[in-house]
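Every number for a ligand or one of its atoms is a count from 1 in the order of the listing.
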Amino acid sequence: MLTDFPIQAILDRLVVRIVDVLPVSAAGVTLVAPGVSLRYVAASDQSALRFEQLQVEIGEGPCLAAARGGVAVLVPDLRADTRFPRFAARALEAGLLAVFTFPLRHGGERLGALDLYRDAPGSLDPGAMTAAQTLADVAAAYLLNAQARDDLREASDRARQSALHDPLTGLPSRTLLVDRLDDAVLRGRRSGKSVAILYVDLDGFKTVNDTYGHHVGDELLVAMAQRMRALLRPGDTLARLSGDEFVVLCEDLDDRAQVEAVAGRVASALAESFRLSGVEVRVSASVGVAFAGRGADIPTQLLRNADSAMYEAKRLGGGRHRVFDLGEDALAERRVALGRDLGGAQGRQELRADYQPIVATADRKVIGAEVLLRWEHPDRGWVKPEVAVPLAERSGLITEIGRWILERACRDRQHWRSNGYQTDLSLAVNVSAVQLMAPDFAAVVAEVLADTGTDPATVTLEVTEGVFVAESERALAVLKALKRVGVRLALDDFGTGYSSLGYLKHFPFDTLKIDREFVAGLGKDVASGVIVDAVVGLAHGLSMTVVAEGVETAQQYYEVLSRGCDASQGFYFASPMSAADLGLMLSTRNEPMGLALPRAGTG
Ligand code: C2E
Ligand code: CA
Ligand code: CA
């Protein structure tokens, strides 16, 4: 029995194994202990299931007696037994002739009982009895363990939930906002629509608190949250950062006028007075607006820009909004500066490789890792790869950085192996279009692999569809050259680009990575499910494997599992981590990542 199995799976396995090893015709388990939150039932077949349910239903039977008494209850001939008349009558009718039940107990705890059924009368021999009680004891220990783990998980899920939301207003916290902002900027870059931030700060909130007391202040914040939420579009996010600071994240904007309109609506919503615990309060707010420009915007920078625009509004007396405006020239200048900084980044050791585990969907064990570029800018903090990579492409640095990260990954893996990780972990390495099309790319890959003693079959290069649009003939030639080197090829972000099915037929891909946009839609919209099914069918039909990206929840994990995605990746299993952390994880355990699925068939 695996220790990370959910309770139901432990029981299901136990009853099937027992029928194999002991001279009985069926077996079942019922848990009745009050400490165990649900009543789990497992049975080796339909007849055993009926007997289990029957005892629970009528509240009588050997199973319940063993569970309550903590000692085995033996009924070698049901026809001659008088202890359980109601149960016996119904069970005999169904062809049952003997029952032997063993308590599931651990220390002083009584959890339920293991029931062995036979369709012929006669005793169990002492060896079989000892074996049955031992199995019952082991199962009980596992169950208590599993229950303790479930309880812990629930507690940590609750803690996580509360870290993501503000307890007073129930609005998303800063952490959740930053997360959504990252995603929004990404989506905006793909869709060509704009993202904007409104930083809303009440004028004179302190006076309200001082005059009427904190409970009125709190009421005001809650009322304000309600009003503001009412005027947003679906998909926009309203978060509370601290005190009287609220932030609105607007997505999918075509032009600035739309967000100016939102700022106007915020102002008029707040212009009406608030009735709170017997007092009427009038407030106004200062609002700062910032847009995600094209190319070089870093989400956290966007928040900072909106914040400084808000201060500008305050400085001008409050009750107004200001738009943070860098202007085209300033934006271009900033991009150039960032590009220049990237030049020396590698030498200053500001670049790093992080790794995100990829698991086999079926058992959630790590089979590979995707290497992800990290750049820590001395002034600006973390620069997202979506910003750094295009900069590197424009300046030509991408060839150098790409080579560095491939080599880094190969060496890191060697290090994990020398630290005791035995299995061949496959490495997934992102390759940008410019990098792929640079002269001699395949030769560079071959060289790095040879230098680091890496088996090419354990490296997967991930490319996106963008590669094929411009020069598809050349791209095909490069991919074929890479196949000759021996590496595997994955088509990344599948479904978000041009998605011509022709590529799949003609290009030598081994793997399709389903974009997280579709994974996010699983269980929410029908289209995503249909698309994922189609992609899996298509890929398998063409002998490719499928990796699901961006699996964040148990529900999504369940969806990608049942839809046949071979491998999965996402925060649900593990976030990207440093090489050292992954090495540590791999050297101490190779246990399933993430949580087991919610228990099926119980409750
Ligand atoms: P990608 O290839 O799609 O990589 C996966 C991205 O999804 C990573 O973002 C990862 O942190 C994020 N992610 C992983 N699990 C989840 C999840 O459950 N939910 C959500 N919402 N996101 C998840 P990251 O590290 O910011 O990388 C972004 C993109 O930058 C990558 O997208 C890839 O296209 C590019 N990139 C990263 N490293 C490199 C590199 O070394 N070279 C090149 N050329 N591109 C890179
Ligand atoms: Ca990728
Ligand atoms: Ca991807």
Side-chain angles (χ1 to χ4, degrees), residues 176 178-187 189-190 298-300 342 345-346 351-359 368-376 382-394 397-410 412 426-438 441 445 459-467 488-497 509 511-522 547-557 559-560 567-579 593-594:
L176 189 52
V178 169
D179 208 50
R180 297 218 178 136
L181 181 56
D182 281 352
D183 280 353
V185 168
L186 238 188
R187 269 197 298 274
R189 211 161 273 144
R190 281 173 177 172
I298 300 162
T300 46
L342 183 57
Q346 200 185 318
L351 297 187
R352 213 179 67 196
D354 269 6
Y355 296 87
Q356 183 174 38
I358 299 174
V359 303
E370 177 173 3
V371 53
L372 295 160
L373 179 69
R374 297 291 178 256
W375 176 23
E376 189 172 18
W382 292 110
V383 180
K384 297 224 86 191
E386 287 101 337
V387 174
V389 169
L391 281 175
E393 288 191 323
R394 232 169 282 146
L397 275 170
I398 191 67
T399 331
E400 202 182 307
I401 292 178
R403 184 189 172 116
W404 174 80
I405 203 147
L406 176 63
E407 189 170 338
R408 183 73 261 148
C410 292
D412 282 340
S426 72
L427 286 175
V429 183
N430 293 287
V431 173
S432 87
V434 173
Q435 193 186 350
L436 187 87
M437 301 302 248
F441 177 64
V445 171
V459 172
T460 303
L461 300 183
E462 299 192 351
V463 299
T464 55
E465 291 159 312
V467 164
R488 295 170 58 85
L489 297 173
L491 186 51
D492 205 353
D493 302 345
F494 186 71
T496 57
F509 287 110
T511 300
L512 277 190
K513 291 191 89 168
I514 300 185
D515 192 72
R516 56 179 180 274
E517 198 173 291
F518 301 113
V519 174
L522 288 176
V547 182
E549 288 193 314
V551 175
E552 295 181 355
T553 65
Q555 162 87 2
Q556 287 163 2
Y557 170 48
E559 294 280 343
V560 301
S568 312
Q569 189 180 351
F571 299 158
Y572 183 64
F573 309 106
S575 300
M577 59 185 88
S578 69
M593 304 291 291

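Side-chain contact between Val445 and Leu406: present, with at least one pair of heavy atoms (C-beta onward) separated by less than 4.5 Å. Taking 4.5 Å as the limit, some side-chain heavy atom of Glu549 sits within range of a side-chain heavy atom of Asp493. Contact of the Val431 side chain with the Phe441 side chain is registered, since non-hydrogen atoms from C-beta on lie closer than 4.5 Å.
Numbered from 1 in the order shown, with element, the atoms of ligand 1 that lie under 4.0 Å from a heavy atom of Leu373 read 37 (C), 38 (N), 39 (C), 40 (C), 41 (O). Within the listing of ligand 1, atoms 3 (O) sit less than 4.0 angstrom from a heavy atom of Asp493. The Glu386 neighbourhood of ligand 1 comprises atoms 26 (O), 28 (C), 29 (C), with distances under 4.0 Å to a heavy atom of that residue. The contact set between ligand 1 and Lys384, taken as ligand atoms under 4.0 Å from a residue heavy atom, comprises 26 (O). For ligand 1, the atoms lying closer than 4.0 Å to a non-hydrogen atom of Val389 are 43 (C), 44 (N), 45 (N), 46 (C). Atoms of ligand 1 found under 4.0 Å from any heavy atom of Pro385 (numbered from 1 in listed order, with element): 24 (P), 25 (O), 26 (O), 27 (O), 28 (C), 30 (O), 36 (N), 37 (C).
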From CA spacing to verdict: side-chain contact (heavy atoms from CB on, under 4.5 Å), Ile405, Glu400: CA-CA 9 Å; Ile405 203 147; Glu400 202 182 307; over 6 Å; no
Audit row: Leu491, Glu465, side-chain contact (heavy atoms from CB on, under 4.5 Å) steps and yes/no: CA-CA 7 Å; Leu491 186 51; Glu465 291 159 312; 3.8 Å; yes
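The closest approach of Asp492 to the Ca ion (ligand 2), by N/O/S atoms, is made by OD2.
Listed here is the closest heavy atom pair of Ala548 and Val560: CB-CG1, 3.7 Å. For Asn430 against Val371, the heavy-atom pair with the smallest separation is ND2-O, 3.4 Å. Nearest heavy atom pair, residue Ser568 against residue Val551, reads CB-CG2, 4.2 Å.
Here CE of Met437 is found 14.5 Å from CD1 of Ile398. Values are rounded to the nearest 0.5 Å.
Here Lys513 pairs with Glu370 in a salt bridge; the nearest charged N to carboxylate O distance falls below 4.0 Å.
With sequence neighbours left out, Tyr355 forms a ring-ring contact (aromatic ring centres under 6.0 Å, His included) with Trp416. Taking the salt bridge (charged side-chain N to carboxylate O under 4.0 Å, His left out) definition, one finds that Arg408 meets it with Asp412, sequence neighbours left out.
Only the side chain of Ile405 comes within contact range of ligand 1, with a heavy atom under 4.0 Å; no backbone atom does. Counting heavy atoms under 4.0 Å from ligand 1, residue Asp515 does not touch it at all. Residue-level proximity to ligand 1 for Val551 is carried by the backbone, the only part with a heavy atom below 4.0 angstrom. Proximity of Glu370 to ligand 1, defined as any heavy-atom pair under 4.0 Å, is confined to the side chain (atoms from C-beta onward). At a heavy-atom cutoff of 4.0 Å, ligand 1 is contacted by both the backbone and the side chain of Ser432. Contacts of Gln356 with ligand 1, taken as heavy-atom pairs under 4.0 Å, involve the side chain alone. Contacts between Val429 and ligand 1, counted as non-hydrogen atom pairs separated by less than 4.0 Å, are absent for every part of the residue.
Here the two rings, on Phe518 and Phe494, have centers that are 6.0 Å apart or farther.
Around the Ca ion (ligand 2), the angle linking Asn430 (OD1) with Glu370 (OE2) is 80°, rounded to 10 degrees.
Every N/O-N/O distance between Val371 and ligand 1 stays at or above 3.5 Å. No N or O atom of Tyr572 sits closer than 3.5 Å to an N or O atom of ligand 1.
Distances from the Ca ion (ligand 2) show that Asp493 has no N/O/S atom below 3.0 Å. When distances to the Ca ion (ligand 2) are checked against a cut-off of 3.0 Å, Glu462 contributes an N, O or S atom below that limit.
The nearest non-hydrogen atom to atom 22 (N) of ligand 1, considering only Trp375, Phe571, Trp404, Phe573, comes from Phe571. Residue nearest to atom 8 (C) of ligand 1, selected from Asp354, Asp179, Leu372, Leu186: Leu372 (by heavy-atom distance).
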